[in-house]
Amino acid sequence: MTSRRKAIQSIGLGALALSTLSTTRSEARPEMPLADDPAFWAKVRDQFMLAKDKVFFNPGTVGAMPRMVYDRMVEHLKYIGTDVADWAYKDDNKEEFISGYNNLMTIRTKVAGLINGTAAEIAMTDNVTNGMNYVSNGLNLQPGDEIITTDQEHGGGLGGWQVKEKRYGAVLKLVPIPKPMHSAQEVYDILVKAMTPKTKVLMVSHMITGSGAILPVKELCAEASRRGIFTVLDGAQTVGQIKIDVKDINCDAYLGCFHKWMGAPAGTGFMYVKADKIKDIWTTIASYRWNQHEDEGFRFTQRGTGNFPVLKGLEASIDFHNEIGADKVYARIKFLGERLRTGLRANKKVKIFSPTDESMCAGISVYNVEGRTGAQLQEAYWTQARMRPRSQGDTFGVRHCTHIFNNEAEIDRALEVVKSLS
Ligand SMILES: Cc1ncc(COP(=O)(O)O)c(C=O)c1O
């Protein structure tokens with residue numbers, strides 16, 4: 001029990017440290033709270049474990065953990081290693097030795113708070129891919145039923161629907177959308193035009209992985225729902241980057257992960273399905289609770305022995321995020337992303353694949369330098385400046401993510417690297 005108490009205290013200390021950060025500017029400029037206050041963000045940067053001699057620009061693949069996330073996870077691992085004999089094996093859902101049988105109500109409630117859902121609508125998963133497969137596998141579709149999506153989806157969002165097509169004769173339509181996109185209206189019109197009376201599912205990324213485009217999901221879901229289409233959003237790139245309100249968006253399902261922009265340990269995700277729809281989704285991984293509907297989220301969360309320390313790290317990542325505040329996190333990410341894109345736009349040798357409409361962008365910028373491949377650009381970043389954005393292949397250059405642990409000087413240095421190549 002001693003180690004466990006220590007784990008709880010370590011979160012308190014982390015939170016206290018962040019609480020000491022000044023908030024005066026946020027009161028003065030509520031529209032972009034503290035986004036350009038270097039002193040505030042330098043203190044936030046100090047909460048991360050990232051080595052100071054390298055610059056990380058790839059939380060779109062896997063995030064960087066704040067120290068309190070690491071501490072909470074390791075403390076709990078130690079607690080289990082030391083005190084597993086304390087486990088009285090009660091079936092009261094409060095035991096924290098293995099996950100997969102526990103209803104995880106505390107964590108599900110925090111996740112629900114993050115996206116404005118309810119705990120009953122939240123199931124814990126390992127990642128977006130398995131959440132998406134729970135939805136695609138759990139919905140009944142008939143041969144000829146259409147699933148509409150875009151031609152810019154990630155394989156983890158798409159794969160389950162491809163199985164649905166091959167196995168059950170559903171028709172998966174990969175609707176081409178522009179890259180770069182120019183407006184939300186343009187994408188909306190293309191996707192709505194693709195809907196037919198046979199369309200049963202609309203599945204799109206809330207934010208496109210290979211361009212950072214934020215799609216007009218609220219409008220798309222409204223039109224799809226009006227036509228009786230089930231709406232599913234892939235939120236792999238949004239959680240911890242832009243604010244999510246599932247009630248406002250009014251989607252039927254939303255899949256997210258915490259190991260990218262939230263800085264949680266790898267292997268942490270969630271499935272949200274709207275209260276009046278979740279009861280109709282078949283479970284994919286079945287255990288005792290597979291058919292018990294009094295707590296729908298638990299029905300899917302009970303999926304065999306899992307790793308509790310990882311969930312403790314996840315919980316700490318939500319505490320950390322909330323301590324700073326989703327608005328401030330978004331404002332800073334957007335501020336740095338915009339600084340990068342503004343610099344890139346001034347360079348005539350650079351082609352940007354993120355939307356030309358800045359209101360569709362946040363912290364992901366995708367671009368290339370004339371005559372270069374993504375691999376060359378990635379290599380130049382590393383050899384010249386120990387910076388790590390991620391290659392997007394021969395045509396699309398690199399995906400360059402900006403997060404709260406980055407700063408203005410790093411963006412400006414990145415622009416110099418690009419200039420040296422152009
Ligand atoms: C849009 C999108 N969907 C799905 C995934 C897969 O996420 P996960 O590895 O959590 O399953 C990614 C990963 O980069 C992604 O960007």
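Every number for a ligand or one of its atoms is a count from 1 in the order of the listing.
Within the 4.0 Å heavy-atom cutoff, Gly60 counts among the residues contacting ligand 1. For the pair Gly269 and ligand 1, no heavy-atom separation below 4.0 Å is found. For Asp234, the heavy-atom gap to ligand 1 drops under 4.0 angstrom.
Side-chain N or O atoms of Thr402 include one that pairs as donor or acceptor with a backbone N or O of Gly337 at under 3.5 Å.
Counting only heavy atoms of the protein, atom 7 (O) of ligand 1 lies nearest to Val128 CB, 3.7 Å.
With respect to the salt-bridge test (charged N to carboxylate O, under 4.0 angstrom), the residues Asp412 and Arg339 qualify.
Taking the ring axis of Tyr330 as reference, the NZ or CZ atom of Lys334 does not stay both within 45° of it and closer than 6.0 Å to the ring centre.
For atom 13 (C) of ligand 1, the choice among Arg390, Glu153, Lys260 with the nearest heavy atom turns out to be Lys260. With distances taken over non-hydrogen atoms, the option nearest atom 6 (C) of ligand 1 out of His154, His259, Met132 is His154.
Residue Cys257 has no nitrogen or oxygen atom sitting less than 3.5 Å from a nitrogen or oxygen atom of ligand 1, judged on distance alone. Ligand 1 has a nitrogen or oxygen under 3.5 angstrom from a nitrogen or oxygen of Thr209.
With contacts defined as side-chain heavy-atom distances shorter than 4.5 Å, the pair Asn368/Phe353 qualifies. With contacts defined as side-chain heavy-atom distances shorter than 4.5 Å, the pair Glu153/Met203 qualifies.
Of all the atoms in ligand 1, the ones that sit under 4.0 Å from a non-hydrogen atom of Ser205 are 1 (C). Residue Thr129 has at least one heavy-atom neighbour below 4.0 Å for each of these atoms of ligand 1: 6 (C), 8 (P), 11 (O).
Between Phe56 and His403, the distance separating the two ring centers is not shorter than 6.0 angstrom.
With a heavy-atom cut-off of 4.0 Å, Asn127 touches ligand 1 through backbone and side chain alike.
Among Arg108, Lys247, Lys274, the single residue meeting the side-chain hydrogen bond (donor to acceptor under 3.5 Å, both in side chains) criterion with Glu121 is Lys247.
Side-chain polar atoms of Thr196 and Glu146 form a donor-acceptor pair below 3.5 angstrom.
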